[in-house]
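Report on the following structure.
Counting convention: from 1, in listed order, for ligands and their atoms alike. As the structure is a prediction and not an experimental result, all values here were calculated from the model.
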Amino acid sequence: MPVTLHDSLTRSPRELHPSQPDGVYRFYNCGPTVYAPAHIGNFRTFVVNDLIRRVLELEFGPDKVKHVRNITDVDDKTIRRSREEGRPLAAVTKEWTDKFHADCDALNCLRPHVEPTATGHIPEQVGMIAELMQKGHAYASADGSVYFKVGSFPGYGALSRVKERELQVGSTLSHKPQSTDADEKEDGSDFALWKSWKPEDGDVKWPGPSGAAAGRPGWHIECSAMSRKHLGETIDLHTGGVDLLFPHHENEIAQSECCTGHQFAKHWYHSEHLLVDGKKMSKSLGNMYTLADLQAKGFSPMALRYALLTGHPRKQLNFTLDSLHGAEKALTTLRHFRATLSPKGGDAAPFEPIFAALRDDLNTPAALGALFTIVNRGPSGIEAAAFERVLFALGLDLTAKPLQISAPAEICALAEQRWAAKQAKNWAEADRLRGAITALGWSMLDSKTEYKLEKK
Ligand code: AMP
Ligand code: ZN
């Protein structure tokens with residue numbers, strides 16, 4: 001049974017099939033901009049993409065999926081941060097890339113096969129811009145920047161329906177330019193492929209394409225150049241959060257298709273945003289959480305993953321701290337169920353509705369519902385290996401220990417260290433940490449697979 005996923009281009013569900021003769025499914029997912037910690041909204045998108053990767057692997061085989069996710073390590077925000085902190089750009093972006101990886105690991109997201117950086121692909125981007133200039137799709141402005149000529153690509157707007165939308169309100173294509181370089185453009189809807197150096201860019205600059213000044217690439221060309229290099233001219237699936245549909249993805253299509261003359265992506269998928277307490281997450285509202293914020297409150301990363309899976313990826317999901325309490329409970333139930341499964345024999349068929357729900361446009365609420373129907377019926381006659389396949393598909397790691405909600409962060413950290421020492425059979429260190437926990441008025445009770453903290 002094939003996997004079906006909603007396609008933003010045709011606005012309909014479509015089956016996924018590899019389009020190249022080697023049978024490898026080519027999957028590109030827009031990655032993070034690394035200048036600050038990613039928030040849990042960003043992680044909703046990355047967890048959904050990890051789910052796609054897992055479902056694809058189950059469908060086509062683990063060696064028949066190639067997953068590429070970029071790192072945006074040069075743009076206005078990263079440069080501003082490096083200037084504010086008086087640190088080199090590379091130092092800032094490395095710090096936040098490492099943190100992003102640590103959070104992805106904690107959320108049990110599989111690493112992409114290739115994770116290209118924008119700064120590591122400057123020649124590819126410059127080459128593509130030069131090609132677009134030669135073909136008459138781009139021009140250099142007086143200040144040495146390069147712009148894409150939107151009017152030169154008749155297909156512009158097919159993904160976002162931007163033309164239809166604008167025509168309906170009786171105006172011209174009028175995506176408002178966000179930068180101050182509007183005067184440099186021949187047309188307001190043209191967008192930057194290359195941005196000429198400005199004093200605030202400091203030492204961040206590279207030689208530009210012929211006819212342009214030194215500077216740096218625009219954001220959109222990055223994904224066109226890196227997907228072309230690592231996945232070829234036509235990719236099978238391109239994804240991102242819904243806010244990337246326009247202008248980012250529309251612009252990627254224009255750049256890539258004008259350069260290669262081939263269809264850029266066979267399938268487009270956009271997942272919806274995470275809201276917090278019914279509102280958009282934002283710093284000013286004080287409702288923006290990072291994974292570290294939730295861990296400091298005593299929640300485990302796996303509880304966040306579970307809570308994120310409870311919503312349909314194509315619907316907005318309202319995040320509450322209460323949903324994490326529920327998620328911790330659900331994970332405990334799953335751990336008990338797993339511990340009572342008989343390793344011998346058993347039936348895999350009861351799990352089929354879970355896989356069917358995931359194959360049907362990643363219907364995670366239905367998949368979790370079907371899972372708990374089985375769990376509530378009890379473990380008898382259930383095949384343990386099939387349960388592990390379900391856990392793989394959902395990316396739920398039940399060996400990750402639950403944190404204790406009531407213990408302060410300091411105690412949780414000591415308990416984590418002691419658990420790790422014990423796993424490593426470092427008994428002296430484990431005893432020392434137990435002593436430290438006891439001295440602070442807590443006790444740690446161990447079972448085989450997890451521990452509990454209790455206040456004395
Ligand atoms: P950025 O690092 O800003 O480029 O964003 C990384 C990814 O997170 C993109 O795919 C965005 O679409 C996505 N994203 C941003 N805000 C949210 C949100 N509140 N909920 C879900 N995804 C988001
Ligand atoms: Zn992108």
Side-chain angles (χ1 to χ4, degrees), residues 8 27-52 67-78 80-81 92-93 96-97 99-101 103-104 107 109 112 114-118 121 125 128 159-160 178 191 193 217-231 235 237-256 264-265 268-283 285 287-291 304-305 307-309 311-319:
S8 313
F27 169 30
Y28 187 91
N29 165 208
C30 290
T33 310
V34 281
Y35 69 105
H39 56 65
I40 60 171
N42 300 134
F43 281 116
R44 178 181 197 200
T45 298
F46 295 120
V47 164
V48 167
N49 278 279
D50 181 60
L51 190 71
I52 295 176
H67 178 197
V68 177
R69 185 182 65 205
N70 66 297
I71 299 272
T72 300
D73 61 351
V74 58
D75 78 330
D76 292 345
K77 287 181 270 189
T78 46
R80 196 183 316 125
R81 184 56 59 100
V92 171
T93 56
W96 293 112
T97 302
K99 182 75 183 102
F100 174 71
H101 284 154
D103 285 354
C104 284
L107 287 166
C109 292
V114 189
E115 206 173 28
T117 60
H121 292 73
Q125 294 172 81
M128 216 161 167
L159 179 68
S160 61
Q178 284 158 352
F191 59 88
L193 297 168
W219 172 37
H220 314 301
I221 195 71
E222 173 191 327
C223 288
S224 284
M226 294 195 278
S227 65
R228 184 188 196 184
K229 167 148 188 199
H230 296 287
L231 292 172
I235 56 186
L237 175 65
H238 192 126
T239 64
V242 67
D243 55 309
L244 299 190
L245 196 141
F246 184 83
H248 185 51
H249 289 162
E250 195 72 66
N251 292 352
E252 283 186 35
I253 295 176
Q255 297 162 157
S256 296
F264 176 44
W268 287 88
Y269 178 81
H270 294 94
S271 49
E272 263 294 348
H273 275 173
L274 186 71
L275 307 181
V276 175
D277 295 326
K279 300 187 198 84
K280 192 177 183 300
M281 239 186 328
S282 78
K283 275 201 185 111
L285 289 173
N287 64 357
M288 203 196 80
Y289 293 109
T290 63
L291 188 58
L304 175 62
R305 183 171 178 117
L308 293 174
L309 292 177
H312 193 292
R314 285 199 309 108
K315 293 200 176 115
Q316 290 188 336
L317 175 64
N318 188 33
F319 173 80

Would you say [X]'s side chain and [Y]'s backbone share a donor-acceptor pair under 3.5 angstrom?
X      : Y      : result
Gln125 : Ala118 : yes
Gln255 : His220 : yes
Arg314 : Tyr269 : no
Arg44  : Leu308 : no
Asn318 : Gly278 : yes
Asn42  : His39  : yes
Thr78  : Tyr35  : no

Item to check | Asp75 CG to Trp219 CH2 distance, which is reported to the nearest 0.5 Å | outcome: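 One gets 9.0 Å once the value is rounded to the nearest 0.5 Å.
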Heavy-atom contacts with [X] under 4.0 Å: which atoms of ligand 1 show up? List them by number with element.
X      : answer
Met281 : 19 (N)
Leu244 : 9 (C), 10 (O), 12 (O)
Leu274 : 18 (C), 19 (N), 20 (N), 21 (C)
Phe46  : 6 (C), 7 (C)

For [atom], the option (of [options]) bearing the nearest heavy atom:
atom                    : options                       : result
atom 2 (O) of ligand 1  : Val276, Val242, Asn70, Thr33  : Thr33
atom 16 (N) of ligand 1 : His248, Arg44, His270, His39  : His39
atom 10 (O) of ligand 1 : Ser271, Gly241, Gly41, Pro313 : Gly241

Tell me, please, if [X] has any N/O/S atom, main chain or side chain, under 2.8 Å from the Zn ion (ligand 2)?
X      : value
His249 : no
His220 : no
Glu252 : yes

Nearest to [atom], what protein heavy atom do you find, and at what distance?
atom                    : value
atom 15 (C) of ligand 1 : Asn42 ND2, 3.2 Å
atom 13 (C) of ligand 1 : Thr45 OG1, 3.5 Å
atom 17 (C) of ligand 1 : His273 CD2, 3.4 Å

Item to check | Plane angle bin for His238 and Tyr28 - parallel if under 30°, tilted between 30 and 60°, otherwise perpendicular | outcome: tilted
Next on the checklist: Over 60° means perpendicular and under 30° means parallel, so tell me whether Phe46 and Phe43 are parallel, tilted or perpendicular.
Outcome noted: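 Because their plane-to-plane angle is over 60°, the rings of Phe46 and Phe43 count as perpendicular.
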Next on the checklist: To 10 degrees, how wide is the angle SG (Cys30) to the Zn ion (ligand 2) to SG (Cys223)?
Outcome noted: 130°
May I ask you to check if ligand 1 and [X] share an N or O to N or O distance below 3.5 Å?
X      : value
Asp243 : yes
Trp219 : no
Gly240 : no
Pro32  : no

Checklist entry - If you look at every heavy atom in Cys30 and His249, which pair is closest and at what distance? => result SG-NE2, 3.2 Å
